[in-house]
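Just so you know, residue 1 is the first one in the sequence shown, and it goes up from there.
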Amino acid sequence: MIKVLVVDDEKIMRIGLKMMIPWEQHGYEWIGAADDGEAALAMVKQHDPDILITDLQMPKINGLELIQKLREITHFQGKIIVLSNHGEYSLVREAMKLGALDYLLKVTLKPDDLLDILQKAANELTSEKENKEIQRQKAVAQVENLMLARKNFFRELVYDNYLSERETMMQAQKLHIQIDTEQSFLLYITIDAYDKTMGSGKWTNRQSLNFSICNIISELVSDSFFMEFSEISDRDYFVILPNHRKYESDAGKMQLAKRITEMLQLYLNLAVNIVISNPFAGLLQVREAYLACKCAAGLRFYKHHSLVFHAREAAFNTGKAILPSQLEEMRKHIQLGAMEGLIDCLDNIYQDAEQRCVHPAQFQKTIIALIDEWESASAQHEYHVLPEQDRKQLEKAENFIDFRTAFVQAVGYFRQYAIPSSPKYRKEIRTVIEFMLKHMDQKITLGMMANEVNMNESYLARLFKTETGRTIVHFLNELRMEKAKELLKNPDLSVKSVSELIGISDQFYFNRLFNKTYGTNPTEFKKSHFRSQDRP
């Protein structure tokens, strides 16, 4: 509905206009009538009409003065129609100069005349609204294009770095990028647990998220400081600030970074990690500062909570992530199908990597390479490939807890669908090991295994010892003891049940074999395990 306000000092004129047409039927809302210009100003502020119809000759504030005040004081954006009597043409001309749309003669006023002029005003209002929306969209598009261009510039600056110094400075000037030429510092901000956070569905609009993050940081930065903010990837951002005054000290930078994490958590429910760069001079050193912070952010892999720290605090060891002896031990567990031992081995290697400050990317890459090796070996027997989802969880794990969970899932997959073997074993030996695993809960004889690979029993026994370094009985017992160790941790299984599940019907023999392998009997092992679980 288009809101209409009438101003006239003659009561009969006010009543006559109200009764002249069915306002609502024609799309207009009669919001009231004022008896002079002073009352009209108050009603305009209260109701914000779209069309104002005003007499020219009135006490206190006349029509011309009202039009002036509307434009100058209230910045009225609606359409003004003036009412006049014969002989007031000079006043009408003055009103038109001041911005009135048209006029109506009181003595000859008819409903059709009023509707025509109202329609004219409504058409102009619609046209102006459409033009304003077009201009608004153009302005928004210009801002968005500028922001996109700035984001692309910074991405290229930190990753591609193909522009010359002169081209870089010219591009920065064109995009109105301001970075202190003497000394600046960078805050590298990354969203913690990104997949879980964004998977909640709250932030489906990336532009809205980026705008919100930027606004919160802007509010925390001193007004006297200019800052550059940019999204570098889906989860990574940086802020560049002058390394002056309150931000010159490490404590000042740390205080700002902590406040940012608090406010992003409070207002956006976002947990973030922030790494503070060393000071640098000018735009051309942004790349080095950013990459140093991104590398340092790997420290989060070894922690169980979000971090705020200076880049220099993460001094990673450039040596080997996993020692050759450790890798060989993992391969041995894979060959034996000793899954529990394999997980324990991973935990030990992780603790060693953390102690030696190995970069997480190296640690993950080496373990994933071992998974690939396992996958390749399995594919030689049957085509079992680790599901893409499991592989992505390994590759994208942000901390060791997530990585370990993904590794356990991968191990579980290969345990179920592929034989735990090494490429160095020939096909027949791998088939025998697979047979052992599949029929572990049964009595297995040498003859059964020889039939499986169409070999003479004596020949198979010699070949197995040559390939694995252990007799078939020794190897099978190792598999059974590793499996027993896993099963004994199940509170619902008795020692007797475990013994039967690994194909040993004689519980006394099982007890002796377990004690010989692990230096404790199954019952004590089971009790010891649950005692350790009950500890805080």
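Of all non-hydrogen atoms in Gln364 and Glu395, the two that sit nearest each other are NE2-O, 4.0 Å. Of all the heavy atoms in Met58 and Asp55, the pair that sits closest is CE-O, 3.5 Å. Between Ile31 and His47 the shortest heavy-atom distance is CD1-CB, 3.5 Å. Considering every non-hydrogen atom in both Arg235 and Ile191, the closest pair reads NH2-O, 2.5 Å. What you find for Gln183 and His244 is that their closest heavy atoms are O-NE2, 4.0 Å. Between Leu56 and Ser84 the shortest heavy-atom distance is CD1-CB, 4.2 Å.
In this structure, CG on Leu175 lies 5.0 Å from CD on Gln171, to the nearest 0.5 angstrom. In this structure, CZ in Phe226 is found 15.0 Å from NE2 in His176, a value given to the nearest 0.5 Å. Here the straight-line distance linking atom CG of Asn317 with atom SG of Cys357 works out to 7.5 Å at 0.5 Å rounding. Here the straight-line distance linking atom OG1 of Thr366 with atom CD1 of Ile371 works out to 12.5 Å at 0.5 Å rounding. Here Asp347 contributes atom CG and Arg404 contributes atom CZ; the two are 4.0 Å apart, rounded to the nearest 0.5 Å. Atoms CD1 and CG, on Ile53 and Leu104 in that order, are 7.0 Å from each other to the nearest 0.5 Å.
Counting heavy atoms from C-beta on, the side chains of Met96 and Arg93 never come closer than 4.5 Å. Contact check for Leu52 versus Ile81: no side-chain heavy atoms found under the 4.5 Å cut-off. Counting heavy atoms from C-beta outward, Asn243 and Ser184 have side chains that stay 4.5 Å or more apart. Met263 has its side chain within reach of Leu266: a pair of non-hydrogen atoms, C-beta onward, lies under 4.5 Å apart. The closest side-chain heavy-atom distance from Leu118 to His26 is not below 4.5 Å. Leu220 has its side chain out of reach of Ile217: every pair of non-hydrogen atoms, C-beta onward, lies at least 4.5 Å apart. When side chains are defined from C-beta on, Val221 counts as touching Leu241, because their heavy atoms get closer than 4.5 Å. Side chains of Met254 and Val308 form a contact here, defined as non-hydrogen atoms less than 4.5 Å apart.
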Task: side-chain contact (heavy atoms from CB on, under 4.5 Å) between Ile213 and Leu264, worked out - done: CA-CA 7 Å; Ile213 293 173; Leu264 291 180; 4.2 Å; yes

Task: Evaluation steps, ring pair (Phe, Tyr, Trp, His ring centres under 6.0 Å), between Phe363 and Phe403 - done: CA-CA 10 Å; Phe363 174 86; Phe403 186 82; 5.7 Å; yes

- [ ] Given side-chain hydrogen bond (donor to acceptor under 3.5 Å, both in side chains), test Gln265 with Asn269 step by step and report yes or no.
- [x] CA-CA 4 Å; Gln265 182 69 62; Asn269 197 28; 3.0 Å; yes

- [ ] Kindly indicate, with the supporting measurements, whether the criterion side-chain hydrogen bond (donor to acceptor under 3.5 Å, both in side chains) is fulfilled by Gln119 and Asn123.
- [x] CA-CA 6 Å; Gln119 188 59 53; Asn123 290 342; 2.8 Å; yes

TODO: For the pair Ile216 and Leu268, evaluate side-chain contact (heavy atoms from CB on, under 4.5 Å) and give the outcome as yes or no after the intermediate values.
DONE: CA-CA 9 Å; Ile216 288 173; Leu268 303 182; 3.7 Å; yes

Open item on the list: side-chain contact (heavy atoms from CB on, under 4.5 Å), that's the test. Do Trp23 and Leu114 meet it? Break it down for me.
Closed with: CA-CA 11 Å; Trp23 292 85; Leu114 178 58; 4.1 Å; yes

- [ ] Let me see the working for Gln326 and Cys345 under side-chain contact (heavy atoms from CB on, under 4.5 Å), right down to the final yes or no.
- [x] CA-CA 8 Å; Gln326 294 172 327; Cys345 191; 5.7 Å; no

Open item on the list: Set out, in order, the CA-CA distance, both residues' side-chain angles and the distance that settles salt bridge (charged side-chain N to carboxylate O under 4.0 Å, His left out) for Lys60 and Glu65, then state yes or no.
Closed with: CA-CA 10 Å; Lys60 295 183 181 178; Glu65 291 171 332; over 6 Å; no

Task: Worked verdict on Asp402 versus Gln393 for side-chain hydrogen bond (donor to acceptor under 3.5 Å, both in side chains) - done: CA-CA 8 Å; Asp402 291 345; Gln393 287 179 343; over 6 Å; no

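Residue pairs meeting the side chain to side chain donor-acceptor pair (under 3.5 Å) criterion with at least one member in residues 142-151, sequence neighbours excluded, are Glu144-Gln207, Arg150-Glu228, Lys151-Glu231.
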Which donor-acceptor pairs under 3.5 Å do side chains of residues 274-301 form with protein atoms, sequence neighbours excluded?
{"residue": "Ser277", "atom": "OG", "partner": "Leu186", "partner atom": "N", "Å": "2.8"}
{"residue": "Ser277", "atom": "OG", "partner": "Leu186", "partner atom": "O", "Å": "3.4"}
{"residue": "Asn278", "atom": "OD1", "partner": "Arg312", "partner atom": "NH1", "Å": "3.1"}
{"residue": "Gln285", "atom": "OE1", "partner": "Ala281", "partner atom": "N", "Å": "3.4"}
{"residue": "Arg287", "atom": "NE", "partner": "Val158", "partner atom": "O", "Å": "3.3"}
{"residue": "Tyr290", "atom": "OH", "partner": "Tyr159", "partner atom": "OH", "Å": "3.2"}
{"residue": "Lys294", "atom": "NZ", "partner": "Asp236", "partner atom": "OD2", "Å": "3.1"}
{"residue": "Arg300", "atom": "NE", "partner": "Asp192", "partner atom": "OD1", "Å": "3.2"}
{"residue": "Arg300", "atom": "NE", "partner": "Asp192", "partner atom": "OD2", "Å": "3.3"}
{"residue": "Arg300", "atom": "NE", "partner": "His305", "partner atom": "O", "Å": "3.3"}
{"residue": "Arg300", "atom": "NH1", "partner": "Lys303", "partner atom": "O", "Å": "2.7"}
{"residue": "Arg300", "atom": "NH2", "partner": "Asp192", "partner atom": "OD2", "Å": "3.1"}

Hey, can you pull the donor-acceptor pairs under 3.5 Å for the side chains in residues 66-73, sequence neighbours left out?
{"residue": "Arg71", "atom": "NH1", "partner": "Phe76", "partner atom": "O", "Å": "2.7"}
{"residue": "Arg71", "atom": "NH2", "partner": "Gly99", "partner atom": "O", "Å": "3.3"}

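Listed for the Glu313 side chain is a donor-acceptor partner under 3.5 Å among the backbone atoms of His310. Remark: the backbone N or O of Asn348 is not paired with any side-chain donor or acceptor of Asp352 at under 3.5 angstrom. Here the side chain of Glu167 pairs a donor or acceptor atom with the backbone of Ser164 at under 3.5 angstrom.
Residue Gln137 qualifies as enclosed at atom CD: its count of foreign heavy atoms under 6.0 Å is above 12. Counting heavy-atom neighbours within 6.0 Å of Met170 CE, excluding the residue itself, gives a total of 12 or less. Atom CD of Glu133 is surrounded by more than 12 heavy atoms from other residues, nucleotides or ligands within 6.0 Å.
Ring geometry, Phe185 versus Tyr247: the interplanar angle exceeds 60°, so the pair is classed perpendicular (tilted spans 30 to 60°).
In summary, Arg259 and Glu262 engage in a salt bridge, as defined by a charged side-chain N under 4.0 Å from a carboxylate O. At a threshold of 4.0 Å, the pair Glu388-Arg391 does not count as salt-bridged, since none of the basic side-chain nitrogens sits closer than that to a carboxylate oxygen. Ionic pairing of Lys120 and Asp116 is not present here: no N-O contact between side-chain nitrogen and carboxylate oxygen is shorter than 4.0 angstrom. The existence of a salt bridge linking Glu248 and Lys253 is excluded, since no basic side-chain nitrogen approaches an acidic carboxylate oxygen closer than 4.0 Å. One finds no salt bridge joining Asp50 and Lys79 here, because no Lys/Arg side-chain nitrogen approaches an Asp/Glu carboxylate oxygen to under 4.0 Å.
Tyr237 and Tyr188 have their aromatic ring centers separated by at least 6.0 angstrom. For an aromatic pair to be called close, the ring centres must be under 6.0 Å apart, and Phe154 with Phe238 satisfies this.
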